[in-house]
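These notes are about the structure you will find just below.
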2 protein chains.
Amino acid sequence: MQSACSQCNLHELCLPVGMSIEDVERLDALVGARRKVRRQQPLYRAGEPFEAIYAIKLGWFKTDVLLEDGREQVTGFQMSGEMLGLDGISTEVHTCNAVALEDSEVCVIPYDRLEELSREVEGLQHQFHKVMSREIVRDHGVMMLLGSMRAEERLAAFLLNLSQRFNARGFSPAEFHLRMTRDEIGSYLGLKLETVSRAFSRFQDEGLVAVQQKHIRIQNLTGLRRLIQQPAAR
Amino acid sequence: MQSACSQCNLHELCLPVGMSIEDVERLDALVGARRKVRRQQPLYRAGEPFEAIYAIKLGWFKTDVLLEDGREQVTGFQMSGEMLGLDGISTEVHTCNAVALEDSEVCVIPYDRLEELSREVEGLQHQFHKVMSREIVRDHGVMMLLGSMRAEERLAAFLLNLSQRFNARGFSPAEFHLRMTRDEIGSYLGLKLETVSRAFSRFQDEGLVAVQQKHIRIQNLTGLRRLIQQPAAR
DNA sequence: CGAGAAGTTGAGAATCATCAAGCGTTGTGG
DNA sequence: CCACAACGCTTGATGATTCTCAACTTCTCG
């Protein structure tokens, strides 16, 4: 099976943004096979040698870091059009685990060849840098979340972020399925799963969100937004 | 005043890592003026157009993000040999503030020219990517800190990180001056300044660290390390 | 259909925040 | 050069948020 960025409906979100048709075709040649990853299976693990980055064609992933004592920190949830593996560039070894949350498919982009091509194709170079920078900005947002928001604010920010990303892909921003468990959400938000569950219940009681297990319907967007702008409690 | 990467004692830490002498000289030509920034002054502010990245020649900075309601989240403390401004690449606008913690000096690297040269100099391209990736990995470490560690663990991890960075620059890993206030440390670690202060006092009582205002002497390195490997409390 | 995983809810406990007072250091102007 | 003000830091008492432990319900999947 061949991948073809030029044919892909994600090219407005993914690496090809801003590239000419000819250049995207050069990128096509570079992108190796696609790879399917089944639910719960790792795309890569911390410690493995770094060789490629991955663009998510379809599905959902989480990335996490483990401490020796078993503590897990989920560092992100990635969906179609987003990139995985950037952490490996610095040491040439992956520093986190990437695990599929549902049956998924990624485009494998051999890293040495990406560097090669991006020396020739300015648009690719530029977009790749933007993707890395966007990841840094995203991480700062998560720090803000973890460092200065209380539980309900964190969950509201999380839902609003998901909503926006679904919207950017042409899905409903108001109604969607969570691919991750309460425990995984909790790990990402620095909360225990019970706290996440209680916050969901509270949102439901207040009419902000209709929650039915993993099915979410946002009923009061401005209410959720207002929640985040409350004065700091910590 | 001219900057010259080839003359700089930080070239083992900074962008020139792994580049040939000739290539570093090309980088010299690119690096514009140095810029001095006085204590408490911003190098750049969130919202300003992005034009250059900065390598810290001398001094200390903090980067922070502000929420509308006035909450501040410090996203990092940067010292000599480290890079500032990478967040601006994604949107071509700076997304955080960079403020000098003491009188400092940076090398200004015009971004468009950096992209230009890194298309020609493979070593520069590679090192620049590593620098960005390292920032992502660092951010994941901070998430781990904020999301799954308790107050004393966070402070211990913070001190160990500083120790290691001083060491890499040829300074004592055991004795150093903090350039930031308790409030800034607290913001970075997701804690209130009182909590930071209490944790310092506790470390002092336990003989782990001698604290005298901003002067720090690590007395029991393994004790500090052990502290982080305690079972999770949250 | 049953077993295990995931989610919800309650009660009590722990950690950290808040509020408040006081001390030490630094820097400036008389 | 000293005095005083401002700022940063420390410490104590109290309170709020979130965690922990536990029981129970609901959903999922073989």
Side-chain angles (χ1 to χ4, degrees), chain A residues 38-40 62 70-74 99 101-103 145-156 158-159 177-206 209-216 227 230-234, chain B residues 38-40 62 70-74 101-103 145-156 158 177-206 209-216 227 230-234:
Chain A
R38 297 201 72 83
R39 189 176 130 85
Q40 306 283 34
K62 70 169 177 182
R71 277 182 279 189
E72 177 197 30
Q73 176 68 34
V74 171
V99 177
L101 295 177
E102 60 183 24
D103 293 353
L145 208 112
L146 292 171
S148 35
M149 291 186 182
R150 46 209 3 281
E152 290 185 13
E153 293 178 287
R154 295 184 202 184
L155 187 61
F158 174 68
L159 292 176
H177 272 278
L178 300 174
R179 267 69 177 190
M180 62 295 281
T181 65
R182 300 288 190 266
D183 197 30
E184 288 164 334
I185 297 171
S187 171
Y188 180 63
L189 299 179
L191 302 169
K192 286 293 157 188
L193 67 93
E194 294 94 330
T195 307
V196 174
S197 181
R198 279 185 243 271
F200 269 128
S201 300
R202 194 110 197 275
F203 287 175
Q204 172 120 291
D205 292 348
E206 289 166 0
V209 177
V211 185
Q212 215 170 10
Q213 303 285 118
K214 294 189 164 160
H215 189 86
I216 298 290
L227 200 65
Q230 308 264 328
R234 61 159 66 179
Chain B
R38 297 201 72 84
R39 187 177 131 86
Q40 305 284 35
K62 70 169 177 182
R71 279 182 277 189
E72 178 196 29
Q73 176 68 35
V74 171
L101 295 176
E102 60 183 23
D103 291 355
L145 208 114
L146 292 170
S148 34
M149 290 186 182
R150 42 204 13 281
E152 291 184 12
E153 294 177 286
R154 295 183 201 184
L155 187 62
F158 175 67
H177 272 277
L178 299 174
R179 266 69 177 190
M180 63 293 284
T181 66
R182 299 289 190 264
D183 196 30
E184 288 164 335
I185 296 172
S187 171
Y188 180 62
L189 299 178
L191 302 169
K192 287 291 157 188
L193 69 93
E194 294 94 332
T195 306
V196 174
S197 181
R198 278 185 242 271
F200 269 128
S201 300
R202 194 106 197 275
F203 287 174
Q204 172 122 292
D205 292 348
E206 290 166 1
V209 177
V211 185
Q212 214 169 10
Q213 304 284 116
K214 293 189 165 162
H215 188 87
I216 299 291
L227 200 65
Q230 308 265 329
R234 58 162 64 182

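Proteins get letters first, then strands, A, B, ... in listed order; numbering begins at 1 in each. We use all heavy atoms of the structure for the numbers below, so side chains are in, but hydrogens, waters and symmetry mates are not.
Listed by chain and number, the residues in a side-chain contact (heavy atoms from CB on, under 4.5 Å) with Ser197(A) amount to none (sequence neighbours excluded). Checked against side chain to side chain donor-acceptor pair (under 3.5 Å), Glu152(A) has the following partners two or more places apart in sequence or in another chain: Arg202(A). For Arg198(A), the side chain to side chain donor-acceptor pair (under 3.5 Å) test picks out no residue, with sequence neighbours left out. Judged as a side-chain contact (heavy atoms from CB on, under 4.5 Å), and not counting sequence neighbours, the contacts of Arg39(A) are Asp103(A).
Here the P atom of nucleotide dT15(C) and the CG atom of Leu189(B) are 18 Å apart, to the nearest Å. When rounded to the nearest whole Å, the span between NZ of Lys192(B) and C1' of dT14(D) equals 17 Å. If you take CG of Leu155(A) and P of dT18(D), they are 12 Å apart, rounded to a whole angstrom. What separates CD of Glu153(A) from C1' of dA17(C) is a distance of 14 Å, to the nearest Å. Nucleotide dC16(C) holds its C1' atom 12 Å from the CZ atom of Arg150(A), rounded to whole Å. The CZ-C1' distance, from Arg154(B) to dA17(C), rounds to 13 Å in whole Å. We find that CD of Glu184(B) is positioned 8 Å from P of dG8(D), with the value rounded to whole Å. Distance, Glu152(B) CD to dA14(C) P: 16 Å, rounded to whole Å.
Out of dT17(D), dC16(C), dC19(D), the shortest distance to the side chain of Ala151(B) is found at dC16(C).
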Please tabulate, for the side chains in residues 209-216 of chain B, all donor-acceptor contacts under 3.5 angstrom to protein atoms that are two or more places apart in sequence or on a different chain.
unit_1	atom_1	unit_2	atom_2	d
His215(B)	ND1	His177(B)	NE2	3.1
His215(B)	NE2	Glu175(B)	OE2	3.0

Which protein N or O atoms sit under 3.5 Å from an N or O of nucleotides 6-10 of chain C?
unit_1	atom_1	unit_2	atom_2	d
dG7(C)	OP2	Arg182(A)	N	2.9
dT8(C)	OP1	Arg182(A)	NH2	3.3
dT8(C)	OP2	Arg182(A)	NE	2.9
dT8(C)	OP2	Ser197(A)	OG	2.7
dT8(C)	O5'	Ser197(A)	OG	3.1
dT9(C)	OP2	Ser201(A)	OG	2.4
dG10(C)	N7	Arg198(A)	NH1	2.8
dG10(C)	O6	Arg198(A)	NH2	3.0

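Between Glu184(A) and Leu101(A) the shortest side-chain heavy-atom distance falls below 4.5 Å.
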